[in-house]
Amino acid sequence: MTYAWLDLPAAKIDEAARVMLGWRLTANGVVVRITEVEAYSGLGADPASHAHRGRTPRNAVMFGPAGFLYVYQIYGMYQCMNIVCGEQGVAAAVLLRAGEVVEGVETARGRRPGARNDRDLGAGPGKLTRALGISKADYGTSVVDGTGPLTITPPVGEVGPVEAGPRVGVTSAHDVAWRFWVKDDPTVSSYRRHAPRRQK
DNA sequence: TATTAGATGGTT
DNA sequence: ACCATCTAATAG
């Protein structure tokens, strides 16, 4: 199998993210079609990257070869997942932000009891990670060689039009449109805190 | 539908 | 003291 995004250099991390839309993630009995992603370059020009300040125990996997999983905990209670991209030694990665559950809906519902409907099962990075049953225990596993719980496979059919915009939740680098999503897809996360909130 | 605050813990 | 977030509660 060829992975269009796997061999792209970190300098093209935005393209890697864009072409990852429509791919399918299989993990722990659930299959998800990716509908929203964000690129993080790690080239030093991206202050929003977790690797911007250099290598630490948390971000170490991002400095390795492409195709591995970077999982981190956020706000104390949620986890988000990235797929490492770019050449070895450069910490580029793509954050998986949302997807549509296409198989294993019952299993996903069981993991996401708070979901209001099936569109909401994976409509956000924390939600998606939870629906797939991925946790920090899966940090550093491969998504391309079948040895880990997460496997990624090419799109089925047409992906459809793609839109781009600023990344969500980052307080810097609002100038780059490195968030990509499938146009008009109902499973794209509705979270839109682009502008800083007013102070009390 | 839109907006807001609270939860909660690793990382720097 | 931050956060690549989510949910429940509130107001309209």
Side-chain angles (χ1 to χ4, degrees), chain A residues 10 13-14 16-18 20-21 25 32 34-63 68-86 90-99 101 108-140 143 150 163-181 184 186-200:
Chain A
I13 186 61
D14 52 335
R18 181 185 284 268
M20 215 178 278
L21 289 172
L25 303 167
V32 159
I34 300 173
T35 58
E36 182 184 357
V37 296
E38 277 176 7
Y40 288 87
S41 89
L43 276 180
D46 187 4
S49 168
H50 285 175
H52 179 241
R53 298 195 163 220
R55 184 177 183 140
T56 67
R58 176 174 73 150
N59 64 31
V61 70
M62 299 174 76
F63 289 84
F68 290 84
L69 205 54
Y70 167 50
V71 183
Y72 68 94
Q73 187 181 38
I74 188 69
Y75 297 114
M77 49 184 111
Y78 299 105
Q79 335 222 76
C80 296
M81 49 194 277
N82 295 241
I83 292 176
V84 176
C85 292
V90 180
V94 172
L95 169 69
L96 305 178
R97 283 199 58 89
V101 176
R109 284 177 187 153
R111 293 189 182 127
R112 298 247 329 110
R116 295 176 154 268
N117 51 57
D118 288 351
R119 302 193 319 270
D120 189 47
L121 289 172
K127 299 173 184 177
L128 177 69
T129 303
R130 208 135 128 94
L132 286 167
I134 294 297
S135 73
K136 275 196 302 185
D138 304 312
Y139 179 100
V143 305
L150 184 69
E163 293 189 311
R167 294 175 292 187
V168 174
V170 315
T171 56
S172 57
H174 276 259
D175 50 321
V176 292
W178 276 358
R179 169 174 171 258
F180 303 95
W181 64 93
D184 295 331
T187 65
V188 169
S189 72
S190 53
Y191 203 63
R192 296 288 183 278
R193 196 167 60 199
H194 291 162
R197 297 158 66 179
R198 287 170 31 201
Q199 295 205 332
K200 72 173 164 186

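Because the structure is predicted, anything quoted here is derived from the model rather than measured. Residue numbering restarts at 1 for every chain, and letters A, B, ... go by the order of the sequence lines. These numbers come from the heavy atoms of this one structure, side chains and all, not from hydrogens, waters or symmetry mates.
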Original post:
Using a cut-off of less than 4.0 Å, is there contact between a side-chain N or O of T56(A) and OP1 or OP2 of dT12(B)?
Top reply: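 Yes, such a contact exists.
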
Original post:
Does OP1 or OP2 of dA4(C) have a side-chain N or O of H50(A) closer than 4.0 Å?
Top reply: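 Yes.
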
In whole angstroms, how far is the [atom2] atom of [N] from the [atom1] atom of [X]?
X: R53(A); N: dT11(B); atom1: CZ; atom2: P; result: 16 Å
X: L121(A); N: dT7(C); atom1: CG; atom2: C1'; result: 15 Å
X: H52(A); N: dC2(C); atom1: NE2; atom2: P; result: 18 Å
X: D120(A); N: dC6(C); atom1: CG; atom2: P; result: 9 Å
X: Y139(A); N: dT11(B); atom1: OH; atom2: C1'; result: 13 Å
X: N59(A); N: dG10(B); atom1: CG; atom2: C1'; result: 13 Å
X: R130(A); N: dA4(C); atom1: CZ; atom2: C1'; result: 18 Å
X: N82(A); N: dT5(C); atom1: CG; atom2: P; result: 11 Å

Original post:
List DNA chain B stems (3 or more consecutive Watson-Crick/G-U pairs, under 3.5 Å)?
Top reply: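 Listed by first number, the stems are B:1-7 with C:5-11, B:9-11 with C:1-3.
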
Original post:
Strictly by modelled atom types, are E38(A) and W178(A) linked by a side-chain donor-acceptor pair under 3.5 Å?
Top reply: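 No - no donor-acceptor pair under 3.5 Å links their side chains.
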
**OP:** Kindly indicate, with the supporting measurements, whether the criterion side-chain contact (heavy atoms from CB on, under 4.5 Å) is fulfilled by R167(A) and Y40(A).
**Re:** CA-CA 10 Å; R167(A) 294 175 292 187; Y40(A) 288 87; 3.2 Å; yes

With a non-hydrogen cut-off below 4.0 angstrom, is [X] in contact with a base, only sugar-phosphate, or nothing?
X: Q73(A); result: sugar-phosphate
X: R112(A); result: sugar-phosphate
X: G114(A); result: nothing

Original post:
Out of V94(A), I83(A), N82(A), which one pairs with V37(A) under the side-chain contact (heavy atoms from CB on, under 4.5 Å) rule?
Top reply: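 When side-chain contact (heavy atoms from CB on, under 4.5 Å) is applied between V37(A) and each of V94(A), I83(A), N82(A), only V94(A) qualifies.
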
First locate atom [atom1] of [X], then atom [atom2] of [Y], and finally report the distance between them rounded to the nearest 0.5 Å.
X: L95(A); Y: M20(A); atom1: CG; atom2: CE; result: 10.5 Å
X: L128(A); Y: L25(A); atom1: CG; atom2: CG; result: 6.5 Å
X: M81(A); Y: Y70(A); atom1: CE; atom2: OH; result: 13.5 Å

Original post:
Does the aromatic ring of Y75(A) sit over the six-membered base ring of dA7(B), closer than 5.5 Å centre to centre and tilted less than 30°?
Top reply: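 It does not: the ring fails the test against the base of dA7(B).
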
From [options], nucleotide with atom closest to [X] side chain:
X: M77(A); options: dT5(C), dA4(C), dT8(B); result: dT8(B)
X: K136(A); options: dG10(B), dT7(C), dT5(C); result: dG10(B)
X: M62(A); options: dT7(C), dA4(C), dG10(B); result: dA4(C)

Original post:
In terms of heavy-atom contacts, does CZ of R112(A) have more than 12 from other residues, nucleotides or ligands at under 6.0 Å?
Top reply: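 Atom CZ in R112(A) is crowded, with more than 12 foreign heavy atoms closer than 6.0 Å.
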
